[in-house]
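As structure tokens, the structure follows; a few thoughts come after it.
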Amino acid sequence: LEPIVQGAGGMRFYSPHYLQRVRDLCDEHDVLLICDEIATGFGRSGEMFAVQHAENVVPDILCIGKALSGGFLSFAATITSP
């Protein structure tokens with residue numbers, strides 16, 4: 001899930017409350033929440049990571065990239081929570 005901005009869907013913005021509800025549903029059904037911050041991470045949405053626009057939402061897996069190398073190298077990382 002791309003937090004706050006669905007870039008692959010034509011730059012569609014959605015409410016942080018939607019992200020909170022998705023987190024609740026993932027917890028309820030024992031499903032991992034994976035957030036794709038490739039296009040929205042490192043301050044591009046106003047927060048360090050777009051997922052931070054929603055209160056108390058911590059993804060199980062966070063995918064980051066692009067800004068890690070300033071666009072110089074193809075470089076990405078996947079971060080997991082314990």
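Keep in mind the model is a prediction, meaning the values are calculated, not measured. Values below: every heavy atom of this structure, side chains too, minus hydrogens, waters and symmetry copies.
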Gap between atom [atom2] of [Y] and atom [atom1] of [X] - 0.5 Å precision:
X: Ile34; Y: Thr80; atom1: CD1; atom2: OG1; answer: 11.0 Å
X: Ser81; Y: Asp60; atom1: OG; atom2: CG; answer: 4.5 Å
X: Gln52; Y: Cys35; atom1: CD; atom2: SG; answer: 11.0 Å
X: Ile61; Y: Thr78; atom1: CD1; atom2: OG1; answer: 7.5 Å

Of all heavy-atom pairs linking Val51 and Glu37, the shortest is N-OE2, 2.9 Å
Shared hydrophobic cluster, Met48 / Ile64 (ILVMFWY, side-chain heavy atoms < 4.5 Å):
yes
So if you build clusters from Ile, Leu, Val, Met, Phe, Trp, Tyr with side-chain heavy-atom gaps below 4.5 Å, do Val31 and Leu62 land together?
no
Criterion side chain to side chain contact (heavy atoms under 4.5 Å, CB included) on Leu19 and His53, from CA distance to verdict:
CA-CA 9 Å; Leu19 198 52; His53 287 283; over 6 Å; no
Min side-chain heavy-atom separation Cys26-Leu32 under 4.5 Å
no
Flag yes if more than 12 heavy atoms outside Glu55 fall under 6.0 Å of its CD atom; otherwise flag no.
no
If you count the non-hydrogen atoms of other residues, nucleotides and ligands that lie under 6.0 Å from OH in Tyr18, is the total more than 12?
no
Keeping Gln20 on the side-chain end and Val57 on the backbone end, is there a donor-acceptor pair under 3.5 Å?
no
Criterion side chain to side chain contact (heavy atoms under 4.5 Å, CB included) on Glu28 and Asp24, from CA distance to verdict
CA-CA 6 Å; Glu28 182 179 327; Asp24 293 341; 5.8 Å; no
